[in-house]
Amino acid sequence: MRETLKMETVIGLEIHVQLATRTKLFCGCSADYFGAPPNTHCCPVCLGMPGALPVLNERAVELALKAALALDCEIPERSVFARKQYFYPDLPKGYQISQYEAPLARDGHLDLELPDGTTTKRVRIRRLHLEEDAGRLVHDPPTGRTLVDLNRCGVPLIEIVTEPDLRSPEEAALFVKQLRRLLRYADVSRCDMERGELRVDANISIAVDGRPGTKTEIKNMNSFQAIEKALKVEETRQRMALERGGTVQPQTFGWNPEAGRVEPQRAKEEAEDYRYFPDPDLVPLLIDEAWTRRLRAELPERPRERRRRLQEGYGLPAYDARLLTEERAIADYFERAVALFPKPKEVSNWLLTEVFRLLDEAKLAPEDLAGRLPPERLVEVLRLVDEGRINRNTGKAVLEEAFRTGREPEAIVEERKLGRIADEARLAELAERVIQEHPQAARDFKAGNERVLGFLVGQLMARTQGRADPKLAAKVLRDKLAAS
Ligand code: ZN
Ligand code: MN
């Protein structure tokens, strides 16, 4: 009988991120291609017409450098663009302009925050380079034809390659989440995965008794869920093969989310198949230190530092601080609101429940929140509640209306006469009617069943559309019941 093997999963990632530039990497075409009619964002340069020459987009270099700095990479003074050659219908030039031997940046890291919330694990970044995207093939089932859309050709990307430091599919997904958050904080990219602005390929192998295993690759996983699921499926497949005494063959798979399967694509290509060589149309890229120094100074606080500051500076629970700092736009919003209404926990409660729900229902991106509902508006609602002019439930309704219509909360309260009913005589009248309509409940209460009071208060609240002061309502009902 074979002894139990000690198996360890080893994962490395290659992540492509679309840089948030207005134009493409080597021409003036708009990089905002998503949803545009096919082949309308093209010119001789990105179509690879003979004689057309590339001109490097400075803004793309700047964003790539920001990403490199955020990942604590080393930035060599000189990097070189290279041609990566392969034949595919979405690549009109027959090569992709990328960087190979001399990438823009190398040897960085990201300190992954583990789910326990206290420890971190360092994941090394092997390299980060600039490259252009390819076009897209569009399959048209009715005609059985495959069409080519070249709008994406030449869109600027960075490719980030990690060392194989990840040890499970969960860890890989967590890494991508935290990388995405970091890049969004630094305004490098929106990283909208549904739009393909962040795409993940993974290498996975199983080390047996410390000996490295054969890698397979899974391509183009475009959601956190896909990353975790696809890697789990492949991890299980490899482990089972090895446990049965079999082997793993080098191979490239694509993830099929509908079938929940990884599907073989083609034999894995080796670097030499691409016949890389320096692009003679582009001079080496020289980065001077003053530039990186300026960019470093522009980098915002990192998510982890921001979370710590919110937690300690505002006395927030760790849970609140974590959720508020997932998105920089939300953390900014929170701080603007607290500057106007210095009750941090109250602001946090409203943001994390009501505002998050409204954002979600409206399918609005966090960065669009302040435009839709300026912090001043949220604070106005908080003040109305705080001063007792409306109750909490009414506050929620007013907030919702202010969010939907963009109107002033104060004006909504005035117009809809939503002010809280704390008028005892008015409530007494309503209490009288509630008791008349529910004689059985009234008798039960008088017979000593205290719990019915809650029911009667609920009835009274309903009659005032939630505007009655609940404590006063209970008192008035109690008085009435005692007197009747
Ligand atoms: Zn172009
Ligand atoms: Mn690439």
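Both ligands and their constituent atoms are indexed starting at 1 by order of listing.
Metal site remark for the Mn ion (ligand 2): Glu14 contributes no N, O or S atom at a distance under 2.8 Å. Among the atoms of His41, no N, O or S atom falls under 2.8 Å of the Zn ion (ligand 1). Not one N, O or S atom of Cys153 sits under 2.8 Å from the Zn ion (ligand 1).
Angle subtended at the Zn ion (ligand 1) by Cys27 SG and Cys43 SG: 110°, rounded to 10 degrees.
Summary: OE2 is the N/O/S atom of Glu131 found nearest to the Mn ion (ligand 2). The minimum distance between the Mn ion (ligand 2) and any N, O or S atom of His16 involves atom NE2. Shortest distance from the Mn ion (ligand 2) to Glu159 is reached at OE1 (N/O/S atoms only).
Checked by atom type, the side-chain pair Glu217/Asn203 shows no donor-acceptor distance below 3.5 Å. Under the 3.5 Å distance criterion, with hydrogens and angles disregarded, a donor-acceptor pair is assigned to the side chains of Glu234 and Thr216.
Using a 4.0 Å cut-off between a side-chain N of Lys or Arg and a carboxylate O of Asp or Glu, Arg294 and Glu62 qualify as a salt bridge.
Figure legend: Arg83 and Tyr276 shown without cation-pi pairing, the cationic atom not lying both under 6.0 angstrom from the six-membered ring centre and within 45 degrees of its axis.
Partner Glu113 forms a side chain to side chain donor-acceptor pair (under 3.5 Å) with one of Lys177, Arg307, Lys121 and no other, that one being Arg307.
At least one side-chain heavy atom of Leu399 sits less than 4.5 Å from a side-chain heavy atom of Trp350.
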